[in-house]
There are 2 protein chains.
Amino acid sequence: MPKLGVEPIRRQALVKATITEIGAAGSLDVTVSKIARRAGMSSALAHHYFGGKEQILLAAMRHILVLFADEVRSQIASARTPAERLDAILRASFASPNFTAEVIAAWLNFYVLAQANPEALRLLTVYRRRLQSNLTYALRPMVGAAAADKAEVIGALIDGVYIRQSLRAGAMGGDDALAMLRRTVDHMLPGADQRKTAEMVDGAMT
Amino acid sequence: MPKLGVEPIRRQALVKATITEIGAAGSLDVTVSKIARRAGMSSALAHHYFGGKEQILLAAMRHILVLFADEVRSQIASARTPAERLDAILRASFASPNFTAEVIAAWLNFYVLAQANPEALRLLTVYRRRLQSNLTYALRPMVGAAAADKAEVIGALIDGVYIRQSLRAGAMGGDDALAMLRRTVDHMLPGADQRKTAEMVDGAMT
DNA sequence: TGATTGATTGACTCGTCAATCAATAAAAAT
DNA sequence: ATTTTTATTGATTGACGAGTCAATCAATCA
């Protein structure tokens, strides 16, 4: 093989090109040829490495999910208190490179893909569970038994802001979205203004 | 056909068949032939009445938006207080015939369509604005200047619950969704400070 | 050096689908 | 009764796209 170890590079290039193409087209109606051309190779080679269009799409999806997971992990790493942990998740959700027109369009279309493709559904379910778990873990010390429920609400809210962002017209930027989320989440916590109340409840719970 | 005035019937049948097909396929990759067959006619006739696939899809979209608008209007009609008006909107959002797997799948795909189709984008924008307006109108007497902001949050939350519902696994029913929304909205209203804390502690104990 | 093997592609197949059209049937209008 | 209008479809066309394959090309290894 000429130039050994080209495979991972090609795969990476194809995955990135796929996300770009989906962003440009706004749908999954993206030809393998276009993806391959954007990645600088022939469509035959794309098939050679991935086996088929479906698997290219799934790889792109996994890539985005990993990207998001990494961002969450990185943001959470420096969080000390539950409140900081919660905010870290919000930051990860609305900071680049996640809250980009391209990536948001991809998310939206992955939801569509999950309608017909079991593996895509599985991936999204895993993402959803992990987000729920992270949120609940951060919320429990603050709101106790209500954590799961509130995590569900925040999760839905994040998804909602994402989908609305996909209609660029009248949508807000990542910073605005983050601010809105923070405000709303704040309202859901005990003693919205003073964090003291939160600590009280926290103490009572644990 | 002989039988004059068949056109509206055919159009209606095609629109309903389109929604069903989108629901079944989970995507917009729905052939005109399949739609037409389900509606009991040839694909050529579908083209004859609508001019093309795109316009069939847009007609289906308009149908769903009108359905939703009618439901909201109908629910709001009997509302006396702002709180009732607010609840009416929530009921309209999560009651059949709006909160159906079929219709939800259609919504999701219309968001995708809006990525590429200006008319679809326009329709969704109109829907969004109307929802925002209705929510704000109901909220203003309750929260004053914060109405617009809170309306935005509730709107996003509704969209988020919808999109999550589209992944049937682990999703909640319409009643649960409605209950969750009510609880959340309740927390966003004034007087929630006292009620909230009480509820919190109460919830922690039960 | 020469065999091996991965990398790479152009050309081709096969299927699908949107859109069109010519033809037919039948009610309505004249 | 004949013409017009509306309804309807089977057949066809033209385009496009996924996937395959046989054939190169070049680095590595024995």
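Only this structure's heavy atoms are used, side chains among them; waters, hydrogens and symmetry mates stay out. Naming convention: chains lettered A, B, ... in sequence-line order (proteins, then strands); numbering from 1 in each chain.
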J.: Just checking A/Phe99 against A/Trp107, ring centres under 6.0 Å apart?
T.: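 No, the ring centres sit 6.0 Å or more apart.
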
J.: CZ of B/Arg10 versus P of D/dT6: gap in Å, rounded?
T.: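 Rounded to whole Å, this separation is 16 Å.
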
J.: How close do B/Leu86 and B/Ala138 get, heavy atom to heavy atom, and via which atoms?
T.: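 Reported closest heavy-atom pair: N-CB, 3.8 Å.
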
J.: Less than 4.0 angstrom from a charged side-chain N to a carboxylate O is my criterion; do A/Arg73 and A/Asp70 meet it?
T.: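 A salt bridge is present here (some side-chain N lies under 4.0 Å from a carboxylate O).
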
J.: Just how far, in rounded Å, is C1' of C/dA18 from CG of B/Leu57?
T.: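 Computing the B/Leu57:CG to C/dA18:C1' distance gives 12 Å.
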
J.: Report the distance from atom CD1 of A/Ile9 to atom C1' of C/dA7, rounded to the nearest whole Å.
T.: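 Distance check: A/Ile9 CD1 to C/dA7 C1' gives 12 Å.
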
J.: Given atom CG of B/Asp29 and atom P of D/dC16, what is their separation to the nearest angstrom?
T.: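 Checked: the CG to P distance equals 17 Å.
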
J.: For A/Arg128, is there an ion pair with A/Asp159 - N to carboxylate O distance below 4.0 angstrom?
T.: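 No salt bridge links A/Asp159 with A/Arg128.
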
J.: Name the closest nucleotide to the B/Lys53 side chain, picking from C/dA18, C/dA7, D/dA18.
T.: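 Side chain of B/Lys53 sits closest to C/dA18.
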
J.: Using whole Å, what does the distance between atom C1' of nucleotide D/dA18 and atom CD1 of A/Ile56 come to?
T.: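 Distance check: A/Ile56 CD1 to D/dA18 C1' gives 10 Å.
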
J.: For B/Gly40 and A/Val30, find the nucleotide of DNA chain D closest to each by heavy atoms; which residue's nucleotide sits nearer the 5' end?
T.: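 It is B/Gly40 whose nearest nucleotide is closer to the 5' end.
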
J.: For B/Ser166 and A/Gln115, does a side-chain donor sit closer than 3.5 Å to a side-chain acceptor?
T.: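 Judged by distance alone, the side chains do pair up.
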
J.: Separation of B/Glu54 atom CD from C/dA19 atom P, in whole Å?
T.: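 About 8 Å, once rounded to whole Å.
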
J.: Could I get the full list of side-chain hydrogen bond (donor to acceptor under 3.5 Å, both in side chains) partners for A/Gln75, not counting sequence neighbours?
T.: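 Partners of A/Gln75 under the side-chain hydrogen bond (donor to acceptor under 3.5 Å, both in side chains) test: A/Glu71, A/Arg91.
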
J.: Identify, residue by residue, the members of residues 41-50 of chain A with a heavy atom below 4.0 Å from DNA chain C, and return them in order of residue number, or none.
T.: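 Under 4.0 Å from DNA chain C: A/Met41, A/Ser42, A/Ala44, A/Leu45, A/His48, A/Tyr49.
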
J.: Is A/Glu152 salt-bridged to B/Arg183, going by a charged N under 4.0 Å from an acidic O?
T.: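 Result for this pair is no, no salt bridge flagged.
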
J.: Using atom CD1 of A/Ile35 as one end and atom C1' of D/dG19 as the other, report the distance to the nearest whole Å.
T.: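 To the nearest whole Å, that distance equals 14 Å.
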
J.: Nearest-Å distance, CZ (B/Arg11) to P (D/dT6)?
T.: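 Interatomic distance, CZ of B/Arg11 to P of D/dT6: 15 Å.
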
J.: Return the pairing partner of D/dA30 with a 3.5 Å limit on both distances, Watson-Crick or G-U wobble; otherwise return none.
T.: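 Its partner is C/dT1 (Watson-Crick or G-U wobble, both distances under 3.5 Å).
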
